[in-house]
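What follows is a single structure, written as structure tokens, with notes after it.
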Amino acid sequence: MREKLNSYFSYVFEDELLDEIVQVGTYKKLRENELLVDLGDQIKGVPLLLNGAIKIVREDKKGEEMLLYFLERGDTCASSFASALSSGKCGIRAIAEKESEVIFLPVEKLDEWLVKYKSWRNFVIDSYNVRLNEMMETVDTLAFMKMDERLYKYLTDKAQIMRETSLNTTHQDIAYDLHTSRVVVSRLLKQLENEGKIKLYRNKIEILEF
DNA sequence: ACATTAAGTGATT
DNA sequence: AATCACTTAATGT
């Protein structure tokens, strides 16, 4: 576990903090599509993402979904800090988008570390900042971009996060993430294919142009 | 061969 | 851009 931690966090945290993380953290490997956090869950620990990708989704009471952003290696779920420290409910759902490795940090240690380690404080503040920017970007996307642009952005963003040029997904899944209907996605995808930007298969989309 | 699920299409709002 | 109704294609049993 120490080696895995070192490979991504050795330049972020000081050695003593790394030691503590190894002691109190619990390592977990996530299967693809494994549910990490659900709506209204009490947060049991804050995750540090070693590798893989986690999808953060907002959902309303009717089960209507909307993708907020992805977490990548070295990220943490900023929203979980707030709910962990205030022991409130989490307003989001987190799903592993692919096989991922995380270390869960116990809630009790979080504010202790805030005063003890400046690298930890920086990390927390920084991830809040990164997340806020990410959120503003998605708001922009929602407010100012048309569906076809959003779709293309979604595809290229996701391909980058997954580090692949082709995605194994269905039109329906995309429709859930973008909060639209499958028919609309199918039509716009067809359009993108005609423009030569992508190639469509069953359960698979290949991106030809970034 | 049949059932199921994914994707394509025209028409309507 | 959403929804309906229907078709066609791919895949699993």
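Chain letters run A, B, ... following the sequence lines, proteins first, then strands; residues in each count from 1.
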Handout entry: Polar side-chain contact Arg202(A)-dT11(C) base: donor and acceptor under 3.5 Å
Key = no
Practice task
Report yes if a donor N or O on one partner sits less than 3.5 Å from an acceptor N or O on the other, where the partners are the side chain of Arg187(A) and the base of dA1(C); otherwise report no.
Solution key: no
Practice task
Give one of base, sugar-phosphate or nothing for Thr170(A), where a contact means two heavy atoms less than 4.0 Å apart.
Solution key: sugar-phosphate
Quickly work out the [X] [atom1] to [N] [atom2] distance and round it to whole Å.
{"X": "Leu178(A)", "N": "dA2(C)", "atom1": "CG", "atom2": "C1'", "answer": "15 Å"}
{"X": "Lys204(A)", "N": "dT11(C)", "atom1": "NZ", "atom2": "P", "answer": "11 Å"}
{"X": "Leu189(A)", "N": "dG8(B)", "atom1": "CG", "atom2": "C1'", "answer": "12 Å"}
{"X": "Asn168(A)", "N": "dT5(B)", "atom1": "CG", "atom2": "P", "answer": "19 Å"}
{"X": "His171(A)", "N": "dT9(B)", "atom1": "NE2", "atom2": "P", "answer": "11 Å"}
{"X": "Leu167(A)", "N": "dA6(B)", "atom1": "CG", "atom2": "P", "answer": "17 Å"}
{"X": "Ile198(A)", "N": "dA7(B)", "atom1": "CD1", "atom2": "P", "answer": "12 Å"}
{"X": "Asn203(A)", "N": "dT4(B)", "atom1": "CG", "atom2": "P", "answer": "18 Å"}

Closest to the [X] side chain, choosing from [options]:
{"X": "Val183(A)", "options": "dA2(C), dA1(C), dG10(B)", "value": "dG10(B)"}
{"X": "Met147(A)", "options": "dA2(C), dA1(C), dT9(B)", "value": "dA1(C)"}
{"X": "Arg182(A)", "options": "dA10(C), dA2(C), dT9(B)", "value": "dT9(B)"}
{"X": "Thr180(A)", "options": "dA2(C), dT5(B), dG8(B)", "value": "dA2(C)"}

Practice task
Decide, yes or no, whether a salt bridge links Lys116(A) with Glu112(A) under the criterion of side-chain N to carboxylate O below 4.0 Å.
Solution key: yes
Practice task
May I ask you to check whether over 12 heavy atoms, not counting those of Phe9(A), lie within 6.0 Å of atom CZ?
Solution key: yes
Practice task
Inspect the surroundings of CD in Glu149(A) and state if more than 12 heavy atoms from other residues, nucleotides or ligands are less than 6.0 Å away.
Solution key: yes
Practice task
Working to the nearest 0.5 Å, report the span between CZ of Arg2(A) and CG of Asp19(A).
Solution key: 4.5 Å
Practice task
Using the six-membered ring of Tyr201(A), assess whether NZ or CZ of Lys199(A) lies under 6.0 Å from its centre and within 45 degrees of the ring axis.
Solution key: yes
